[in-house]
Amino acid sequence: MKVVVLRETQAGETRVALVPESVRKLAGLKAAVAVESCAGLDAGIADDDYKAAGAEVSDERDALLSSADVLAAVNRPRTEDLRRMKQGASLIAFLRPLDEPAELSPLIEQSITAFAMELIPRTTRAQAMDALSSMATIVGYKAVLLGAERVPRMFPMLMTAAGTVPPARVLVLGAGVAGLQAIATARRLGAVVEAYDVRAAAGEQVRSLGATFLEVDLGGIQTEDAGGYAKELSEEALQRGRDMVAKHAKSADVVITTAQVPGKRAPLLMTEEAVRGMKRGSVIVDLAGASGGNVAVTSPGETIELNGVTIMAPLNLAATVPVHASQLYSRNMTAFLALLIKDGELDIDMTDDVVAPSCVTHQGTYANARVAAALESLAGK
Ligand code: NAD
């Protein structure tokens, strides 16, 4: 069987789905890998590196597509690429299935069995395949560097002959994978860090990183679903969070916002008034821009200024660290492929508790109840 990797086409994308280390691993599973010429260049991988690992390298994109048993990608490929795939072939990528379910229709038409990286369950068994966590780790780290670079002060406390420089104050909203990495990175740079999350369980993790966890009385409501994700909150509960955030943002130099609820618009955690209440020169890095942003004035993909406060909303920060982002993604992809390949052949077990929930289209139909529900709610709008 043949696994194909193409050059990514999304603007600004620098990552590649498989790196040479994974090509060797897949050879051990009797799967051949074919790579489009220059696919790894932005991630520091030359065609010769792929060849040395045993991959075929070709610049015949269409031929690669039509010969693929599995297309391994970072982003959802363009419709014209999907149309060149064999009927019944498989695709694994970030597909945005809950945010853009209608975009999956070419996969149905081509009868492609598609797996969404986003829907791989966050279970212990699937940990090695958890690309969301891999990318969120990079994004949380990089967001702090962006904030530190932009803010007109230093992060660490310094005692110099010219006097003491106080440490920067960082506020992190949402303490999931990206938020925790942001806390750890800001702490390593010497900042004093406060963090807020609706999930009480996040408190212990925040404190273990040396940050202060901000508690908000939400009246004992259930804030976490069975999968460990945050639930969508009532307007009243959201408002309590916003009030507390506005108070603490006043003294922050950098605010990093990461709050998300899968398949929903990102919760609004900072109003325009809260932004106006911040010190001149302070910086907000809103990591939820792709799902609407956590800050009222966020302009996804852009950096704006309001009353001396900079609000950044980068959309694909993982792509700014292409070497490690590709390496981690490739390992996640290979671990998932290992579940699908038996004796050098594709053997898709739809009773498997990792394979089934991540499959979004199969045999010309939608295979996932969450995606079907997202489509229905779209139709109802
Ligand atoms: P995410 O990207 O969906 O959301 C980021 C954070 O925002 C979450 O911590 C969430 O609780 C928080 N949030 C949502 N609404 C909020 C609001 N109104 N105010 C403040 N915070 C809000 O989350 P994620 O980083 O993908 O992680 C989701 C969960 O999965 C976490 O519990 C994480 O620990 C868990 N997880 C488990 C594993 C595993 O066991 N294998 C791996 C990764 C993540």
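Everything quoted here is computed from the prediction, not taken from an experiment. Every number for a ligand or one of its atoms is a count from 1 in the order of the listing.
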Donor-acceptor pairs under 3.5 angstrom involving side-chain atoms of residues 176-188: please list them, not counting sequence neighbours.
{"from": "Q181", "atom 1": "OE1", "to": "T185", "atom 2": "OG1", "distance (Å)": "3.4"}
{"from": "T185", "atom 1": "OG1", "to": "Q181", "atom 2": "O", "distance (Å)": "2.7"}
{"from": "R187", "atom 1": "NE", "to": "L209", "atom 2": "O", "distance (Å)": "3.3"}
{"from": "R187", "atom 1": "NE", "to": "G210", "atom 2": "O", "distance (Å)": "3.2"}
{"from": "R187", "atom 1": "NH1", "to": "A191", "atom 2": "O", "distance (Å)": "3.2"}

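For K51, the NZ atom is densely surrounded, since the number of other residues' heavy atoms within 6.0 Å is greater than 12. Environment of CZ in F94: crowded, with over 12 heavy atoms of neighbouring residues, nucleotides or ligands closer than 6.0 Å.
Distances shorter than 4.0 angstrom do not occur between any heavy atom of G241 and any atom of ligand 1. Residue contacts with ligand 1 do not include L173, since none of its heavy atoms lies under 4.0 Å from the ligand. Heavy-atom separations between L269 and ligand 1 include at least one value shorter than 4.0 Å. For S133, the closest heavy-atom approach to ligand 1 falls below 4.0 Å.
Contact atoms of ligand 1 toward Y229: 3 (O), 26 (O), 28 (C) (distance under 4.0 Å to a heavy atom of the residue). For ligand 1, the atoms sitting less than 4.0 Å from at least one non-hydrogen atom of Y196 are 19 (N), 20 (C), numbered in the order shown with element in parentheses. For ligand 1, the atoms lying closer than 4.0 Å to a non-hydrogen atom of L238 are 18 (N). The contact set between ligand 1 and A175, taken as ligand atoms under 4.0 Å from a residue heavy atom, comprises 9 (O).
Considering only non-hydrogen protein atoms, atom 17 (C) of ligand 1 sits nearest to V198 CG1, 3.6 Å. Protein heavy atom in closest approach to atom 35 (C) of ligand 1: G228 O, 4.7 Å. The protein non-hydrogen atom at the shortest distance from atom 42 (C) of ligand 1 is D130 OD2, 3.3 Å. With respect to atom 13 (N) of ligand 1, the closest heavy atom belonging to the protein is A259 CB, 3.7 Å. Counting only heavy atoms of the protein, atom 25 (O) of ligand 1 lies nearest to V177 N, 2.7 Å. For atom 15 (N) of ligand 1, the closest heavy atom belonging to the protein is P267 CG, 3.6 Å. The single protein non-hydrogen atom nearest to atom 41 (N) of ligand 1 is R122 O, 3.3 Å, given as residue, atom name and distance. Considering only non-hydrogen protein atoms, atom 33 (C) of ligand 1 sits nearest to R199 NH2, 4.4 Å.
Side chain of S67 to main chain of L64: a donor-acceptor pair is present (N/O by atom type, distance under 3.5 Å, no hydrogens or angles).
For F115 and F336, the ring centers sit closer than 6.0 Å to each other.
In terms of heavy atoms, M333 sits closest to I92 at CE-O, 3.5 Å. The heavy-atom pair separating M312 from P314 by the smallest distance is C-CD, 3.5 Å.
By the criterion of a heavy-atom distance under 4.0 Å, both the backbone and the side chain of Q260 are placed next to ligand 1.
Rounded to the nearest 0.5 Å, atoms OG1 (T257) and CD1 (I311) are 11.0 Å apart.
Geometrically, ligand 1 and E224 share no nitrogen or oxygen pair separated by less than 3.5 Å.
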**Study point:** R207 and E215: CA distance, side-chain angles, deciding distance, salt bridge (charged side-chain N to carboxylate O under 4.0 Å, His left out) verdict
**Key:** CA-CA 12 Å; R207 283 187 282 267; E215 313 253 4; 3.7 Å; yes
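Under the 4.5 Å side-chain heavy-atom criterion for ILVMFWY residues, no single connected hydrophobic cluster contains both V16 and L71.
Note on residues 88-104: pairs passing side chain to side chain donor-acceptor pair (under 3.5 Å), not counting sequence neighbours, are R76-E100, R96-E100.
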